[in-house]
Colleague: 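One structure follows; several queries about it will come next.
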2 protein chains.
Amino acid sequence: MLVDDHPLLRKGLSQLISLEDDLEVICEASSGEEAIATLTHCKPDLILLDLEMKGINGLETLSEIRKLNIQSKVIMLTVSDNETDVLQALKFGADGYLLKDAEPEEIISQLYKALGGELVLSPALNQIIARSIQGTMSTPTIFEKLTKREVEVLKLITQGASNKVIGRTFSITEATVKVHVKNLLKKLNLRSRVEAAVWAVENKITL
Amino acid sequence: MLVDDHPLLRKGLSQLISLEDDLEVICEASSGEEAIATLTHCKPDLILLDLEMKGINGLETLSEIRKLNIQSKVIMLTVSDNETDVLQALKFGADGYLLKDAEPEEIISQLYKALGGELVLSPALNQIIARSIQGTMSTPTIFEKLTKREVEVLKLITQGASNKVIGRTFSITEATVKVHVKNLLKKLNLRSRVEAAVWAVENKITL
DNA sequence: AGTAAACTACCCCTAAAGTAGTAGTTATTA
DNA sequence: TAATAACTACTACTTTAGGGGTAGTTTACT
C-alpha cells in the first residue's frame, strides 16, 4: 500500500514495484485519513507511508494504524532525516525509515528485507541511530515533555513576540512568561529564545 | 528534460510523460550541476526543474541556465509555495511554477501550455502573485540586498550566537556586529533577531 | 577626482532577556 | 492524605539587544 499526498511519487513507486514479480500495489491513499479508512477493507503486507502530509501527518497516521492493531509492516518514506522524526517513528513501531532520495533499486531491496521482518533504515540514518543508542541524543523526543503553556509560549516566540507581548496574550505577567521561557529552554537544552525559535521551526511545531 | 534529485519522482514523471504521444523525456539529471553539464549536449524544449536540491539549488540552476542563454522553457516543480521562491523564480525567467502535489493530469496539461508559450502557475499560487502585483508583498526579494557580512551575521544568529560571539568569530567588535544586525533587520523589515532567525530558516538560507 | 557602498568602531541610552530563588494555588495521582 | 506537576507571581540582579548618531577606512565604479 502506498500513502503519499504526491500523486507523482505514488506513480513512480507503483511503476517501480510493478516491475517486481512478487510485489504488487493493492491500494493507495493520498492522506493519513484516507489511509486509515482504506485499511478497513484493504490488508496490505506492507505500507509505505509518507511523513509530510497535509491533515494528519505520517507519524500520527502510524500511531493510529498501530492503535487499530493492524499488523501490516510500515515503512516511513520521507525526505527528512530529522532526528526527532526518525526516533519518533521507531518508537511508534515503524518497521523502517527510508529517505526518498535513495536509489530506486535500494528502496526495492529494502522492501523485501522489511517483508522478511528486518528493520530497514537508510544508511544516512546510521549515525543518528547510533547516537540515540548511546544516549548522546541532542533531542531525545524532548518535545513532548513541554507543558501546554510552554508550547504556547514557544509558538509565540517563534513569531517574534517579546515576553511582554506573550504575557498580554495569555493575560499573565511578563515575569511568569520568563519562568516558562526559562523552563522550556532548560527542557530543550537550549540557550536562548533564538535557538528555541529555530528549533521549533525546524521541527515544524505547527503554529 | 527532468531535473530532480529524487529518482522516484523522475520515474513517476517520466512514466506519466511517456503516456503522451507528443511528449518525450530526452534527458535527466539528478542535480543542478549535472543539469547544466547535460545541457551542453541535450537541447530539450522544456525543462522541469526541482527547487529543492543538494548542491546548487533550483533557483541557482535556473539562473545559470539563463546566463548560458539556453532557450529551453523552464518550469519549476516544487513542494514549496514559498512567496520568495515563486517571485525569485519568475524574476529569473521561469516559464512556470508548479506544485508537486498537483494532479498528474493537470501537470501534463500545464506542460502543453508552457510549450505553447504560456506562463503556467499552480492555482494555489494565484494569491501570492496577485499580492506581488499589488506591491503588497511581505518579502519583495529583499534578501539579495543584504551584504556579505550581513548574511554571515544572520547565519550565526540562526545558530543562536550572541553579538559578542559573532564578533569574536569574525574578529570585529560587538559594537560593529550590532551595526550589522541593526542594518539587516531594517533591510528585512523585521523587529528582532528572533524574527530574523525564523525568516532565515524558513527561507532556507544555507548554513 | 569624486561618489557611493561596505565595513569598521565608538558614544549614549532604553528595553528586553535571562538567571536564581521563593512561594502560593490548583488539579491530579499515588 | 500526601506528594507531584503545572501555573502563577514576585524580587533582585546581570547580560544582551536594539535604536540613534557620528565617523574613519577601503574598494569599486564613475
Side-chain angles (χ1 to χ4, degrees), chain A residues 138-203 205-207, chain B residues 67 91 138-203 205-207:
Chain A
S138 61
T139 323
T141 325
I142 319 186
F143 174 52
E144 53 192 352
K145 284 187 187 169
L146 292 188
T147 68
K148 216 185 292 180
R149 200 48 129 188
E150 286 161 354
V151 173
E152 289 172 332
V153 169
L154 178 53
K155 285 178 186 175
L156 287 186
I157 286 177
T158 306
Q159 294 171 348
S162 68
N163 292 338
K164 194 178 290 182
V165 170
I166 295 172
R168 275 204 293 271
T169 306
F170 298 134
S171 300
I172 59 179
T173 67
E174 183 185 351
T176 303
V177 177
K178 283 190 179 185
V179 173
H180 292 313
V181 172
K182 194 197 340 179
N183 291 336
L184 75 85
L185 287 180
K186 192 159 202 168
K187 286 183 182 175
L188 299 176
N189 193 28
L190 301 173
R191 273 147 303 286
S192 72
R193 67 206 289 106
V194 179
E195 290 188 6
V198 170
W199 180 85
V201 170
E202 286 182 341
N203 289 277
I205 307 304
T206 329
L207 302 176
Chain B
K67 276 186 197 156
K91 186 179 159 197
S138 60
T139 324
T141 324
I142 320 186
F143 175 53
E144 54 191 350
K145 286 184 185 169
L146 292 188
T147 67
K148 215 186 291 179
R149 200 46 130 189
E150 285 161 355
V151 173
E152 289 173 332
V153 169
L154 178 54
K155 284 178 185 175
L156 287 186
I157 286 177
T158 306
Q159 294 172 347
S162 69
N163 292 338
K164 194 179 291 181
V165 170
I166 296 172
R168 273 204 294 270
T169 306
F170 298 133
S171 300
I172 58 181
T173 67
E174 183 185 351
T176 302
V177 177
K178 283 190 179 184
V179 174
H180 291 314
V181 173
K182 196 196 335 183
N183 291 337
L184 76 85
L185 287 180
K186 193 160 203 168
K187 285 182 182 177
L188 298 176
N189 194 29
L190 301 173
R191 274 148 303 286
S192 72
R193 67 207 287 108
V194 178
E195 290 188 7
V198 170
W199 180 86
V201 171
E202 287 183 339
N203 288 276
I205 308 305
T206 329
L207 300 176

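Throughout, a chain's letter reflects where its sequence line sits, starting with A, and its residues are numbered from 1.
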Colleague: Just the rounded figure in Å: distance from C1' of dG20(D) to CG of Leu185(B).
Modeller: 15 Å

Colleague: Any ion pair linking Arg149(B) and Glu152(B) (charged N to carboxylate O, less than 4.0 Å)?
Modeller: yes

Colleague: Round to a whole Å and report the spacing from CG of Asn183(A) to P of dA17(C).
Modeller: 17 Å

Colleague: Quick one: does Val177(A)'s side chain get under 4.5 Å of Phe170(A)'s, heavy atoms only?
Modeller: no

Colleague: Need the bend value for the helix from dA1(C)-dT30(D) to dA30(C)-dT1(D): angle between end axes, 5 pairs each end, nearest 10°.
Modeller: 50°

Colleague: Looking only at the side chain of Arg149(A) (C-beta and beyond, no hydrogens), which of the listed nucleotides dC7(C), dC7(D), dT8(C) gets closest?
Modeller: dC7(D)

Colleague: Taking 4.0 Å as the cut-off, does a side-chain nitrogen or oxygen of His180(B) come that near to OP1 or OP2 on dT8(C)?
Modeller: yes

Colleague: Counting side-chain heavy atoms from CB outward, which of dT8(D), dA9(C), dA17(C) is closest to Ile172(B)?
Modeller: dA9(C)

Colleague: What integer distance in Å separates Asn163(A):CG from dG18(C):C1'?
Modeller: 9 Å

Colleague: Expressed in angstrom and rounded to an integer, what is the separation of Ile166(A) atom CD1 from dC7(D) atom P?
Modeller: 14 Å

Colleague: Return the 5'-most residue of the pair Gly160(A), Glu174(B) with respect to DNA chain C, ranking by each residue's nearest nucleotide.
Modeller: Glu174(B)

Colleague: Do you know which two heavy atoms are closest between Val198(B) and Ala197(A), and how far apart they sit?
Modeller: CG2-CB, 3.8 Å

Colleague: Show the numbers, then the answer: is there a side-chain contact (heavy atoms from CB on, under 4.5 Å) between Val165(B) and Leu156(B)?
Modeller: CA-CA 9 Å; Val165(B) 170; Leu156(B) 287 186; 5.9 Å; no

Colleague: Roughly how many Å is it from CG in Leu146(A) to P in dA5(D), rounded to a whole number?
Modeller: 15 Å

Colleague: Counting just side-chain N and O atoms, does Thr147(B) come under 4.0 Å of either OP1 or OP2 of dC7(C)?
Modeller: yes

Colleague: Could you tell me how far apart Arg191(A) (CZ) and dT15(D) (C1') are, to the nearest whole angstrom?
Modeller: 16 Å

Colleague: Nearest to the side chain of Ala175(A), heavy atoms from C-beta on, is which of dT11(D), dT19(C), dT8(D)?
Modeller: dT11(D)

Colleague: Do Ile166(B) and His180(B) have side chains that get closer than 4.5 Å, going by heavy atoms?
Modeller: no

Colleague: Just so I know, are the side chains of Arg191(B) and Leu185(B) near enough to count as touching, which here means a heavy-atom distance under 4.5 Å?
Modeller: no

Colleague: Grab the NZ-P distance between Lys178(B) and dA16(C) for me, whole Å please.
Modeller: 15 Å

Colleague: Picking from dC10(D), dG18(C), dC7(C), which would you name as closest to the side chain of Thr173(A)?
Modeller: dC10(D)

Colleague: Among dA9(C), dC7(C), dT8(D), which nucleotide sits nearest the side chain of Thr176(B)?
Modeller: dA9(C)

Colleague: Quickly work out the Lys187(B) NZ to dC7(C) C1' distance and round it to whole Å.
Modeller: 11 Å

Colleague: So does Lys182(B) reach the base of dG18(D) with its side chain, donor to acceptor, closer than 3.5 Å?
Modeller: no

Colleague: If the test is side chain to side chain contact (heavy atoms under 4.5 Å, CB included), which one of Leu184(A), Thr158(A), Leu146(A) qualifies with Val153(A)?
Modeller: Leu184(A)

Colleague: For dA16(C), does the base pair up with any side-chain atom of Lys164(A) as donor and acceptor (N or O, under 3.5 Å, distance only)?
Modeller: no

Colleague: Heavy atoms only, 4.0 Å cut-off, all strands: where does Ser162(B) land among base, sugar-phosphate and nothing?
Modeller: sugar-phosphate

Colleague: Can you tell me how far the OG1 atom of Thr176(A) sits from the CD atom of Glu174(A), to the nearest 0.5 Å?
Modeller: 10.0 Å

Colleague: Check every strand shown and say whether Val181(A) touches a base, only sugar-phosphate, or nothing at a heavy-atom separation below 4.0 Å.
Modeller: sugar-phosphate

Colleague: From the set dA17(D), dC7(D), dG18(C), return the single nucleotide nearest to any side-chain atom of Ser192(A).
Modeller: dG18(C)

